[in-house]
Asks: 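Dumping the structure here so I can ask a few things about it.
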Amino acid sequence: KPLIHYGVDEALEAGMKNMAFITGRGKRALEDYFDISYELEHQISGTNKEHLLIEIRELMASCTFSFTRQESMRGLGNAIHTGKVLVRDEPFGVVLADDLCINEEGEGVLAQMVKIYEKYRCSIVAVMEVPIEQSKNYGIVTGRAIEDDLLMVSDMVEKPDPKEAPSNLAVIGRYILTPDIFTILEHTKPGKNGEVQITDALKEQAKGGMVLAYKFKGKRFDCGSVEGFVQATNFFYELGKNAKKCRVYPGEWVALPYEGFLCTPPIGDPKEQKKLRGCAEPKKKDAKVPEALWVHRKQKEKIIPIMF
């Protein structure tokens, strides 16, 4: 599936159901992707390929999608300001889909950041450590530690020379921003290459309030580069190849073994035992298998393959 689909999945996992896209010329395919393709659905309806539409159908049923265009390429700060008409006076998350993030051992990056926002109610940027010689490719932050993996930002510089970088903590494409950032962006002068930098606006926001930098848990792939895209492709290929398969009848509860599975949150009551068919007996309360390993499916297909 395309990178933007992974980004929407991550936002939805974090509890964000209103998706606002900032696009440009020639990006109409993004709008079409999150819409019904009557011709395609008609062609594969009733065939053994219809199950391939299930995921996107569920996504479309779970979210609303809005689109607006950035008139010219004037930087991330300008793109975020363009989204004001869609976001209005609400805090919001920002996902740059070229940064593909996955956390195999827990919540996605944006969901991790939402928990921090609920505690501190301020803007948050996701950061990771990079070799200092790569600082020229990122926005770099420095600050004072207030918790494990959490800093209060004191300075932020866009793509500094390695000799002048204040640290090796690089900002990646995950943000939670408070709505006052729009006013700051309106008064932010263009920086390098004539672009309005979100780092400049966040630096100003930090002076008048608080901005946090969070060292997230998980992996990040820079799919904007050939090397990063190839790494991500290989990683997800191996992930899928090593995952186990399970055939599930619609409307069943299925208890899945713990090792080797990537699991979605459970829907409904996993204690309902009567609908179990051809799978492990329900575990006792003191069992080490987490409840998230109970999966429920309500699709119309007689039998569908599910890979985790």
Side-chain angles (χ1 to χ4, degrees), residues 6-20 22 75-81 83-84 86-103 105-130 135 138-159 166-185 188 196-222:
Y6 287 99
V8 172
D9 282 343
E10 185 180 334
L12 186 60
E13 180 199 11
M16 301 177 184
K17 297 183 179 182
N18 299 318
M19 308 297 168
I22 313 303
L76 178 58
N78 177 258
I80 290 174
H81 187 265
K84 180 180 180 180
L86 302 177
V87 174
R88 300 189 183 279
D89 193 28
E90 297 286 343
F92 59 99
V94 176
V95 173
L96 306 185
D98 281 353
D99 278 349
L100 177 56
C101 297
I102 181 172
N103 181 20
E105 300 183 5
E107 295 176 313
V109 176
L110 210 54
Q112 297 170 39
M113 295 171 70
V114 164
K115 288 185 175 180
I116 297 170
Y117 175 80
E118 289 173 346
K119 181 176 181 178
Y120 289 98
R121 300 286 173 173
C122 66
S123 291
I124 307 164
V125 299
V127 297
M128 68 177 190
E129 294 184 359
V130 298
S135 62
Y138 299 91
I140 301 295
V141 306
T142 187
R144 175 175 59 86
I146 59 174
E147 289 186 26
D148 291 343
D149 298 326
L150 192 63
L151 293 83
M152 183 183 296
V153 174
S154 59
D155 195 15
M156 186 176 294
V157 184
E158 180 66 19
K159 299 179 180 178
S167 77
N168 69 333
L169 289 177
V171 179
I172 69 155
R174 297 294 184 275
Y175 306 78
I176 290 181
L177 303 175
T178 51
D180 57 308
I181 197 68
F182 293 126
T183 301
I184 298 172
L185 284 167
T188 300
V196 179
Q197 305 293 347
I198 188 62
T199 49
D200 292 338
L202 286 167
K203 183 177 179 178
E204 189 64 27
Q205 190 179 44
K207 292 179 181 178
M210 182 167 68
V211 174
L212 299 179
Y214 170 60
K215 291 191 281 186
F216 64 93
K217 297 176 178 64
K219 292 183 175 70
R220 173 257 187 184
F221 299 95
D222 177 13

Asks: Given Thr188, which partner from the list Thr199, Leu202, Val196, Thr183 fulfils the side-chain contact (heavy atoms from CB on, under 4.5 Å) test?
Replies: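 Answer after filtering Thr199, Leu202, Val196, Thr183: Val196.
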
Asks: Pair Leu86, Asn18 - check side-chain contact (heavy atoms from CB on, under 4.5 Å), show working.
Replies: CA-CA 9 Å; Leu86 302 177; Asn18 299 318; over 6 Å; no

Asks: Lys17 and Leu12: side-chain contact (heavy atoms from CB on, under 4.5 Å), yes or no, with the steps?
Replies: CA-CA 6 Å; Lys17 297 183 179 182; Leu12 186 60; 3.9 Å; yes

Asks: Among all residues two or more places apart in sequence or in another chain, which pass the side chain to side chain contact (heavy atoms under 4.5 Å, CB included) test with Thr142?
Replies: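 If we apply the side chain to side chain contact (heavy atoms under 4.5 Å, CB included) test to Thr142, skipping adjacent residues, the hits are Ser154, Asp155, Pro166, Ser167.
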
Asks: Test side-chain contact (heavy atoms from CB on, under 4.5 Å) on Leu151 and Leu169 and set out the steps.
Replies: CA-CA 10 Å; Leu151 293 83; Leu169 289 177; 3.9 Å; yes

Asks: Could you tabulate the donor-acceptor pairs under 3.5 Å formed by side-chain atoms of residues 90-103, not counting sequence neighbours?
Replies:
| from | atom 1 | to | atom 2 | distance (Å) |
| --- | --- | --- | --- | --- |
| Asp99 | OD1 | Arg220 | NE | 3.2 |
| Asp99 | OD1 | Arg220 | NH2 | 2.9 |
| Asp99 | OD2 | Gly173 | N | 2.6 |
| Asn103 | OD1 | Glu105 | N | 3.4 |
| Asn103 | ND2 | Glu107 | O | 2.8 |

Asks: For Arg88, what residues pass the side chain to side chain contact (heavy atoms under 4.5 Å, CB included) criterion, not counting sequence neighbours?
Replies: none

Asks: Under 4.5 Å between any side-chain heavy atoms of Ile176 and Val114, yes or no?
Replies: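 In short, these two side chains touch, coming nearer than 4.5 Å.
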
Asks: Can you list the residues that meet the ring pair (Phe, Tyr, Trp, His ring centres under 6.0 Å) rule with Tyr6, with sequence neighbours excluded?
Replies: Phe236

Asks: Which atom pairs, donor and acceptor, lie under 3.5 Å between side-chain atoms of residues 205-218 and protein residues at least two apart or in another chain?
Replies:
| from | atom 1 | to | atom 2 | distance (Å) |
| --- | --- | --- | --- | --- |
| Gln205 | OE1 | Ser123 | OG | 2.9 |
| Gln205 | NE2 | Ser123 | OG | 3.3 |
| Gln205 | NE2 | Thr178 | OG1 | 2.9 |
| Gln205 | NE2 | Asp180 | OD1 | 3.2 |
| Gln205 | NE2 | Asp180 | OD2 | 3.1 |
| Tyr214 | OH | Gln112 | OE1 | 2.6 |

Asks: Can you confirm whether Ile181 sits close enough to Tyr175 that some side-chain heavy atom of one is under 4.5 Å from a side-chain heavy atom of the other?
Replies: no

Asks: As a quick check of understanding, evaluate side-chain contact (heavy atoms from CB on, under 4.5 Å) for Met152 and Tyr120, giving each step before the final call.
Replies: CA-CA 11 Å; Met152 183 183 296; Tyr120 289 98; over 6 Å; no

Asks: Output all residues satisfying side chain to side chain contact (heavy atoms under 4.5 Å, CB included) with Lys159, sequence neighbours left out; order by chain, then residue number.
Replies: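 By the side chain to side chain contact (heavy atoms under 4.5 Å, CB included) rule, Lys159 matches Lys192.
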
